[in-house]
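Heads up: numbering here begins at 1 and tracks the sequence. Just so it is clear, the values below take in all heavy atoms, side chains as well, and ignore hydrogens, waters and symmetry mates. Both counts, for ligands and for their atoms, begin at 1 and track the order of listing.
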Amino acid sequence: MTQIGFIGLGMMGTPMAHLLHAAGHELVVQDARPEVAALFTDAHPGARIAGTTADYAACDVLITMLPNSDIVDAVVGPLASQLKRGAVVVEMSSADPNRTRALAEHLAESGITLIDAPVSGGVKKAVAGTLAIMVGGDIPAFERVRPVLETMGKAITHVGPVGAGHALKALNNYVSAAALIATAEAIHVGEAFGIDPATIVDVIQASTGRNNTTENKAHQFMLNGTFNSGFSLALQAKDVGIAASLGRAMGLPMALAQDVYAMTAQASESLGAGADHTELYRFVGRS
Ligand code: NAD
C-alpha cells in the first residue's frame with residue numbers, strides 16, 4: 001500500500017483514483033470543485049480530502065490529473081515545500097513539455113522527483129484500467145511508481161527524459177485530431193454525394209483510411225448525435241496547440257498541425273466551453 005495524493009477528480013481523474021482506492025492504496029484527494037471531492041470520499045471509505053499541509057507531507061506519491069500547465073504549475077509549485085524529500089510527483093495531465101521540465105527542476109531543488117506520465121485511451125479505458133501511459137523522466141523513480149501506474153494502465157512505456165511523455169502525448173493527439181477532422185470531412189462530402197454516412201464509416205474502417213475515429217468515435221458519438229465521449233474540444237485544442245508549438249520550437253513548421261490547431265481552436269470558441277471534441281463533426285459539416 002502506498003500513500004498517494006491525487007489532485008484533479010474530473011472525467012479521467014475520478015475513475016483513475018477509484019482504481020487506486022480499489023487496489024488498496026491510501027488516498028488523499030483534492031479538486032477545485034469541493035462537491036466533487038466530497039462525492040469521491042463519500043463513495044471511497046478511508047479516502048480523505050486534503051485539508052492540511054500534513055496530508056501531503058505523508059504522501060510517497062502525488063498524482064496530478066489537471067487540465068493544463070497553468071493549473072499544474074499553480075497547484076504543484078507551492079507543494080514543493082510541503083511534500084517530503086524523496087516523494088515522486090507523477091504528472092499525468094496532458095501538458096506542455098517545456099513547462100513540465102521547468103517544474104521538475106523547481107521540485108528537484110526540494111529533493112522531489114517529477115516524472116510525466118500522460119495517458120491515452122479516454123474515459124472508457126480510464127474506467128477499465130487499460131490506459132496507454134507514456135512516461136518521461138528518471139528511470140529509478142519510474143520503477144518505484146510502476147506498480148501504481150499498472151493499476152491504471154496496460155501499455156506503459158518509458159519514452160525519454162522528463163517532458164518526453166508530454167511531448168509524445170501532444171504529438172499523438174495532433175495525429176488523432178487530424179484523423180478525426182479528415183474522417184468528418186469525408187463523411188460530409190460522401191453524404192452530400194448520396195452515400196449513407198454509416199456506410200462511409202464502415203467502408204473506411206475496412207480500408208486503408210481506418211483510424212481511431214472510424215473505429216471508436218464515428219458510430220459511437222458522432223453519427224448518433226450524442227457527442228459525449230468525455231474528452232472536451234477545449235482540451236483537444238490545447239493538445240494540438242502544444243504539438244504545433246513544439247514543431248516550431250524544433251524548427252519544423254508542421255503546416256498541417258497549424259491548420260488542425262486553427263480548426264480545433266476556432267471550433268472550441270464557436271461551440272463553447274462544454275463542447276465534446278467529437279462535435280468537430282458537426283462543426284466541419286456547417287463550415
Ligand atoms: P476535466 O476537466 O474533466 O477534469 C479536470 C479536473 O481538474 C476537474 O475536476 C477540475 O475541477 C479540476 N481542477 C481544475 N483546476 C483545479 C485546481 N486549480 N485545483 C484542483 N483541481 C482543479 O478533464 P479530464 O477530461 O479529466 O482531463 C484531465 C487531463 O487529462 C487533461 O490534461 C486532459 O487533456 C487529459 N486527458 C483527457 C482525456 C479524456 O478523454 N477526457 C484523455 C486523455 C488525457
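Looking at I7 next to ligand 1, no N or O pair under 3.5 Å apart turns up. Backbone and side-chain nitrogen or oxygen atoms of S120 are examined, and none is located within less than 3.5 angstrom of a nitrogen or oxygen of ligand 1. Between S93 and ligand 1, no pair of N/O atoms sits closer than 3.5 Å. In terms of N/O distances under 3.5 Å, ligand 1 is approached by L66.
Residue contacts with ligand 1 include P67, since one or more of its heavy atoms lies under 4.0 Å from the ligand. Residue contacts with ligand 1 include G230, since one of its heavy atoms falls under 4.0 Å from the ligand. Not a single heavy atom of Q236 sits closer than 4.0 Å to an atom of ligand 1. Residue D31 places a heavy atom less than 4.0 Å from ligand 1.
No part of M92 comes within 4.0 Å of ligand 1, judged by heavy-atom distances. Under 4.0 Å from ligand 1, the heavy atoms of L9 that appear belong solely to its backbone.
With ring centers used as reference points, H277 lies 6.0 Å or more from F227.
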> Going through the checks in order, is the side-chain hydrogen bond (donor to acceptor under 3.5 Å, both in side chains) test met by D116 and T100?
Replying inline: CA-CA 7 Å; D116 46 314; T100 302; 5.6 Å; no
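Interface atoms of ligand 1 facing V75, defined by a heavy-atom separation under 4.0 Å, are 17 (C), 18 (N), 19 (N).
Judged by distance alone, the side chain of R48 and the main-chain N or O of L27 form no donor-acceptor pair under 3.5 Å. Side-chain atoms of N211 come within 3.5 Å of backbone atoms of G209 as a donor-acceptor pair (strictly under, hydrogens ignored). Listed for the T41 side chain is a donor-acceptor partner under 3.5 Å among the backbone atoms of A38.
Regarding atom 15 (N) of ligand 1, its nearest protein heavy-atom neighbour is I71 CG2, 3.6 Å. Protein heavy atom in closest approach to atom 26 (O) of ligand 1: M12 N, 2.9 Å.
Using cut-offs of 30° and 60° on the angle between ring planes, the pair H21 and F40 is perpendicular.
Less than 4.0 angstrom separates atom 11 (O) of ligand 1 from at least one non-hydrogen atom of the protein.
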